[in-house]
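Reading through the structure tokens given below for one structure.
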Number of protein chains: 2
Amino acid sequence: MSAEKENTEEKILEAAKEVFIEKGNDGTRMQEIADKAGINKSLLHYYYRSKEKLFGAVFKFAFTHFAPNIINIITDNNDDFFTLIRKFVSLYIDIVMKNPFIPMFILGEVNKKGPSTFVNVIKSAGINPQAFRDRIQKEIDSGNIKPIDPNQLLINTIGMCIFPIIGRPIIQVVLFDDNKLEYIKFLESRKKEVAEFVINSIKK
Amino acid sequence: MSAEKENTEEKILEAAKEVFIEKGNDGTRMQEIADKAGINKSLLHYYYRSKEKLFGAVFKFAFTHFAPNIINIITDNNDDFFTLIRKFVSLYIDIVMKNPFIPMFILGEVNKKGPSTFVNVIKSAGINPQAFRDRIQKEIDSGNIKPIDPNQLLINTIGMCIFPIIGRPIIQVVLFDDNKLEYIKFLESRKKEVAEFVINSIKK
DNA sequence: GTCTATACGGTGATAGAC
DNA sequence: GTCTATCACCGTATAGAC
């Protein structure tokens, strides 16, 4: 997917992303990363001193490329609020559909190690919930939507976007008799369904 | 929490639940389970032949004690639909609050191994989404609620209940400045907030 | 920078005494 | 049933040649 003649360090990181994100820290073997990068195992330690450091690089990538894109849709946005919600939901579901393992990876690792290990990454990711809260409050004050706790609205919306992705194996089996196409169709239609669900709930 | 003089097999399973559910299959060491059970490592293999088998017992427990309780609230229920939703959401959030690691455990493992490994457990868990779909359809046909795809409504509702639990480390840091009490309060109020959010969205 | 060889501590699993 | 001792293997990490 990237350039053919990338340097070794980059090749390692790309391979590490694939393995770590799919298998998690505990499930990842340095040997597998080396194989996938087409280099020797000890080269991993030459570029990244330890497994932990390599993992850290992968986690940082995963988190910073996911969290901020979401919230930043909101900041500096001139759409009316319902249009904003439709764009947000559609874009977010699209992102997680294209990177289905990343949410599970982030949530799994953060739950295992606790936020303390990642608090630097999390804080430096540029997430600014206040901008979101402010926008909601403005809409409420203007009488455009029903009163609601902005945090609740945010978690509701993100939860509805992410859960069907991380719950895929169960959802596909239980709801769609393990039919992959039915599941994909279901997910695709959520881009509109979730937005309308949210809008219906808060509109006056 | 259980009887003092439980037999060894039971002690092992209890210890295994704690470790597996908190650390996942890859992160679990047989030694840790033995220590927690207060017995020797080789006794684990005497009662459960392998780590895989022991894991299987834990997963089966976790899944069967979680999934069905949810859906069965719906079956054979005589409440009006909005009361049903309020009960469902409140009970479900209460369950996951009391067992916060189980959703992450189930989702993590199912995503890692794929549903094929657990398809027996999943299918034998007694989940019956059709009963739920039928109930929704009845409400729509009766004109009590707006038309909506029952699957979408189900995933929306469950997603809003589970996501704040598995996303806790991030949510607590980003939204509540790592204030534990604020997070708990937020979760507690969701028992009502989520139900009203759903009801607002589907009521006519 | 990249390789081979190896150290060193675990890890699941088994054998065998009691 | 429960223990100790031990096995065969695998994991990360390092040393050192080229």
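In the text below, chain A, chain B and the rest are named by the order of the sequence lines, each starting its count at 1.
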Is a donor on one side and an acceptor on the other found under 3.5 Å between the side chain of A/Thr83 and the backbone of A/Asp79?
->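 Not a single qualifying donor-acceptor pair exists.
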
Would you find a donor on one side and an acceptor on the other, under 3.5 Å apart, between the side chain of B/Lys203 and the backbone of B/Lys146?
->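 No, B/Lys203 side chain to B/Lys146 backbone: no donor-acceptor pair under 3.5 Å.
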
Whole-Å distance separating the [atom1] atom of [X] from the [atom2] atom of [N]:
X       : N      : atom1 : atom2 : value
B/Asp35 : C/dG10 : CG    : C1'   : 14 Å
A/Glu10 : C/dG1  : CD    : C1'   : 17 Å
B/Ile39 : D/dC3  : CD1   : C1'   : 11 Å
A/Asn40 : D/dA13 : CG    : C1'   : 12 Å
A/Glu9  : C/dT2  : CD    : C1'   : 15 Å
A/Met30 : C/dA7  : CE    : C1'   : 16 Å
A/Glu32 : D/dG11 : CD    : C1'   : 13 Å
B/Gln31 : D/dC3  : CD    : C1'   : 13 Å

Taking 4.0 angstrom as the limit, do B/Arg86 and B/Glu196 come out as a salt bridge?
->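 Counted as a salt bridge, because a side-chain N and a carboxylate O are separated by less than 4.0 Å.
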
Is any NZ, NE, NH1 or NH2 atom of the basic residue among B/Asp177 and A/Lys123 found under 4.0 Å from an Asp or Glu carboxylate oxygen of the other?
->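 Between A/Lys123 and B/Asp177 there is a salt bridge, with a charged N closer than 4.0 Å to a carboxylate O.
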
Table please: side-chain donor-acceptor pairs of residues 152-161 of chain A below 3.5 Å, with sequence neighbours left out.
from     : atom 1 : to       : atom 2 : distance (Å)
A/Gln152 : OE1    : B/Arg190 : NH1    : 2.7
A/Gln152 : NE2    : B/Phe186 : O      : 3.4
A/Gln152 : NE2    : B/Ser189 : OG     : 2.9
A/Asn156 : OD1    : B/Arg190 : NH1    : 3.0
A/Asn156 : OD1    : B/Arg190 : NH2    : 2.6
A/Asn156 : ND2    : A/Gln152 : O      : 3.3
A/Thr157 : OG1    : A/Leu153 : O      : 2.8

Of residues 42-61 of chain A, the positions that come close to DNA chain C - non-hydrogen atoms, cut-off under 4.0 Å |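 Contacts with DNA chain C under 4.0 Å: A/Ser42, A/Leu43, A/Tyr46, A/Tyr47.
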
B/Lys138 vs B/Asp134, salt bridge (Lys or Arg N to Asp or Glu O under 4.0 Å): CA-CA, chis, key distance, verdict | CA-CA 6 Å; B/Lys138 203 189 80 181; B/Asp134 290 346; over 6 Å; no

Given C/dT2, D/dT2, C/dT11, which nucleotide is nearest the side-chain atoms of A/Thr8?
->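 Minimum distance to the A/Thr8 side chain belongs to C/dT2.
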
Taking only the side-chain nitrogens and oxygens of A/Arg29, find out if one of them lies under 4.0 Å from OP1 or OP2 of D/dC10.
->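 Looking at the OP1 and OP2 atoms of D/dC10, neither is under 4.0 Å from any side-chain N or O of A/Arg29.
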
